[in-house]
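Working notes for the structure below.
Chain A is the first sequence line, chain B the second, and so forth, proteins listed ahead of strands; every chain is numbered from 1.
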Protein chains: 2
Amino acid sequence: MATPLNSRAEILLKTLIEQYISGGAPVGSRTLATQAGLELSPATIRNVMAELEDMGLIRSPHTSSGRVPTQAGYRLFVDSLLSVESMDLSTVSQLQGELTDGVDQQHVIANASSMLSQLTQLAAVVSVPRREEISAFRQIEFVRLSAKRILVILIARDGQVQNRVFDTGRKYSDSELVEAANFFNAEFAGRTLGEVKRLLLKEMERDSESMQKSMRVAVEMAQQVFAESQDEGLVVSGESNLMDIPDMGDVKTLRRLFDVFGTKRDLLHLLDQSMRCEGVNIFIGRESGYEALEDCSVVTASYEVDNRIVGTLGVIGPTRMSYERVIPIVDITAKLISGALSGDNE
Amino acid sequence: MATPLNSRAEILLKTLIEQYISGGAPVGSRTLATQAGLELSPATIRNVMAELEDMGLIRSPHTSSGRVPTQAGYRLFVDSLLSVESMDLSTVSQLQGELTDGVDQQHVIANASSMLSQLTQLAAVVSVPRREEISAFRQIEFVRLSAKRILVILIARDGQVQNRVFDTGRKYSDSELVEAANFFNAEFAGRTLGEVKRLLLKEMERDSESMQKSMRVAVEMAQQVFAESQDEGLVVSGESNLMDIPDMGDVKTLRRLFDVFGTKRDLLHLLDQSMRCEGVNIFIGRESGYEALEDCSVVTASYEVDNRIVGTLGVIGPTRMSYERVIPIVDITAKLISGALSGDNE
DNA sequence: ACTGGCACTCTATATATGGGAGTGCCAAGG
DNA sequence: CCTTGGCACTCCCATATATAGAGTGCCAGT
């Protein structure tokens, strides 16, 4: 941190990490000497390694085995040492193909997630976009299923449909329902879902008598449906890929990891963090803030619709993952999904 | 198989299996002597155990360790030796509560699955009901999203909503869409989804000119939505519970197991098999027909809506699971879910 | 500043070693 | 004839021990 590395040390650190990533075993001075391309003897390299260890960039698991990168080492690596491969063009177009053949936002997201996990052989995560401030309200419908059960259907301009069944206390006539629907459709058409939600909320607070009773209930139901439409989801796939990775050998560790996937809340929070920044984001080990992700890294990128960031996607794998392979995949996927969702919308 | 067991052998087999299930370790003659309640010496019991081994009901992992049940042993056990506990009443009512607070079929199913896995601490599986022949068509709507994009919404009488976006080749006027909707709603109201699907299929085959062109496309779109409505789903939860079970220690084995959960097709097939029979069904180890389920058992029960079997639920765990605890849970859940879905429907 | 050499450390693997649990069989007793 | 205690035998498992190998740190020489 204090002293910036001289270029020889950089090269050695880079080679060491690459070597460790591909081999999985601690790297010793001899292998480093042959691999780094510098004409140095193992002894010299040992001196440099000692320095790197002092700086906290690498460490040795035991008194005498090779060195492995520390978290700080990885950080430096991905920040300034890493050379990313650009992606195979045919793979890109294949990805694009698979991605855009979902007519529907849900399909696009699901495809993206599954592709991502397949390409990286890691676990993939895609957050369902916040549509609130982007997607506009188109129309709402109240369908009477039986005497007291009413189905509310919310349709957004982009074709997303949200629906929910309510058990109302009393009977509603068809005409009441039609009237309610007309009211909403006239009042709110064209506004964004978020706006409508807020307006409805205000409406309810006013506890107004200016509204008929029947309207009140309708507003309440609509409010709930809108509230759910915010329902931020998360699509996870390829979790089981992580079981093939020897680093995670411990079933105990795996279990905790899978719990994270199960709850989703934590993951969502993590993805939210990287919503702010553009481009690819990397959380290494503890940086994510979750103990279960101790030996994992998370590579994320956010995607946008109509030039606004609306969601994030990423992959989760062992800290010892091939960043140079994974980063471009995540990057490209984010861009493609942006395209697929934007094009879809008009 | 040939010779039915005498009662002493039965008791010993039963105790052995119970002992093995609770302890997880091979059971020897001494422990069996103290646990079985019979006044017999270990030596005598050894003789009986030898017989049981000859019959293929138990085996010893090594020349000299205790015995463990074979698949055939488990089979006999669950078929005729098992005494199931009846369930704690408070648990039942709690279950019922949690189950019925989902207004919506999807919620009920999801709740059932999660409850099932929580109660058993195993992986749970619930198949989404075949609604085709039960659920009636209520109405269809065509919403124009943009010039050539049309949203088709299918509403069933029970409140299920199915929707899909189509990119049509040409523009449709609002009046055309209204006309199409009216046609469907008048023609098919009240019929079951399955019926409508078949009728539409026939309609399309006729390639009739009696229909206007616009109708043809509408029929086609409707057909596709109906086809998707058949979309048999599967809700899985608690997979990660299996990682806590020491029997499955092997990550390799777990991985294959998780692959089964991932593909779902195989699971669905398995659940289908037990749709035919009423009551609780048990597949032990290989009986399920899947190699990945080698050391697992599947306990299933089907549930019904309006006295017709429409789906199946079950749990998957190690063959060495506590059947006497699991069976009643699966049984009750199936009954409760039947109730919850039937009551919901009118 | 770099290098070879050397003693040292620590791991991983293979190889004994002994205890323990359980069996099968046999001969004796009810 | 069924049951039982006794006994030799088998096999697993945990522990200890030896050994090879990889890698280090340090020092002295270039």
Side-chain angles (χ1 to χ4, degrees), chain A residues 3 5-13 15-20 22-70 73 246-247 249-250, chain B residues 3 5-13 15-20 22-70 73 246-247 249-250:
Chain A
T3 336
L5 295 179
N6 61 54
S7 77
R8 195 175 67 182
E10 272 190 358
I11 293 177
L12 286 175
L13 179 59
T15 334
L16 187 147
I17 297 185
E18 284 169 353
Q19 215 42 229
Y20 178 67
S22 79
V27 182
S29 54
R30 187 184 355 266
T31 30
L32 210 46
T34 66
Q35 295 292 337
L38 307 172
E39 301 286 314
L40 292 174
S41 77
T44 314
I45 288 183
R46 279 204 284 281
N47 293 326
V48 183
M49 285 168 94
E51 286 171 40
L52 289 173
E53 182 155 24
D54 287 342
M55 287 186 259
L57 298 172
I58 59 178
R59 64 188 179 81
S60 30
H62 328 288
T63 312
S64 181
S65 71
R67 305 302 215 294
V68 299
T70 61
D247 294 39
D250 196 358
Chain B
T3 336
L5 295 180
N6 62 53
S7 77
R8 194 175 66 180
E10 273 190 0
I11 293 177
L12 285 175
L13 179 60
T15 334
L16 188 147
I17 296 186
E18 284 169 351
Q19 217 38 230
Y20 178 66
S22 79
V27 182
S29 54
R30 183 174 11 255
T31 31
L32 209 47
T34 66
Q35 295 292 337
L38 307 171
E39 301 285 314
L40 292 174
S41 76
T44 315
I45 288 182
R46 280 203 284 282
N47 293 328
V48 183
M49 285 167 94
E51 286 171 39
L52 290 173
E53 183 155 23
D54 287 343
M55 286 187 256
L57 298 172
I58 58 179
R59 63 187 180 81
S60 30
H62 327 286
T63 313
S64 180
S65 68
R67 303 304 214 296
V68 300
T70 62
D247 294 40
D250 197 358

Which whole-number value in Å describes the distance from [X] [atom1] to [N] [atom2]?
| X | N | atom1 | atom2 | value |
| --- | --- | --- | --- | --- |
| Leu40(A) | dA1(C) | CG | P | 14 Å |
| Leu12(A) | dC2(C) | CG | C1' | 14 Å |
| Arg59(A) | dC10(C) | CZ | P | 16 Å |
| Asp54(B) | dT23(C) | CG | P | 14 Å |
| Leu16(A) | dG23(D) | CG | C1' | 13 Å |
| Leu38(B) | dT3(D) | CG | P | 10 Å |
| Arg67(A) | dT11(C) | CZ | C1' | 16 Å |
| Asn6(A) | dA1(C) | CG | P | 12 Å |

- Item | Point-to-point distance, once rounded to the nearest 0.5 Å, from CG of Leu12(B) to OG1 of Thr44(B) |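 Here the interatomic distance stands at 10.0 Å.
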- Query: Atom CZ of Arg59(A) and atom CD of Glu53(A): how far apart are they, to the nearest 0.5 Å?
  - Reply: 9.5 Å
- Query: Of Arg8(B) and Thr63(B), whose nearest nucleotide on DNA chain D comes first from the 5' end?
  - Reply: Arg8(B)
- First of Ser64(A) and Asn47(B) reached from the 5' end of DNA chain D, by closest nucleotide: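 The residue whose closest nucleotide sits nearer the 5' end is Asn47(B).
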- Task: Taking the side chain as every heavy atom from C-beta outward, state whether Arg67(B) and Pro26(B) have any atom pair closer than 4.5 Å.
- Result: no
- For residues Leu32(B) and Met49(B), determine if any side-chain heavy atom of one lies less than 4.5 Å from a side-chain heavy atom of the other. yes
- On a plain distance test, is the side chain of Arg46(A) in donor-acceptor contact with the base of dG5(C) below 3.5 Å?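 When only heavy-atom distances are counted, Arg46(A) does reach the base of dG5(C) through a donor-acceptor pair under 3.5 Å.
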- Message: Within the 4.0 Å heavy-atom criterion, would you say Thr44(B) contacts the bases, only the backbone, or no part of the nucleic acid?
- Response: base
Looking at the side chain of [X], which of [options] is the nearest nucleotide?
| X | options | result |
| --- | --- | --- |
| Met49(B) | dT23(C), dG25(D), dT3(C) | dT23(C) |
| His62(B) | dC11(D), dG24(C), dG4(C) | dC11(D) |
| Arg30(B) | dG24(C), dG22(C), dT24(D) | dG22(C) |

- Task: Assess the side chains of Ser29(A) and Arg46(A): does a donor N or O sit below 3.5 Å from an acceptor N or O?
- Result: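 Present: a donor and an acceptor within the cut-off.
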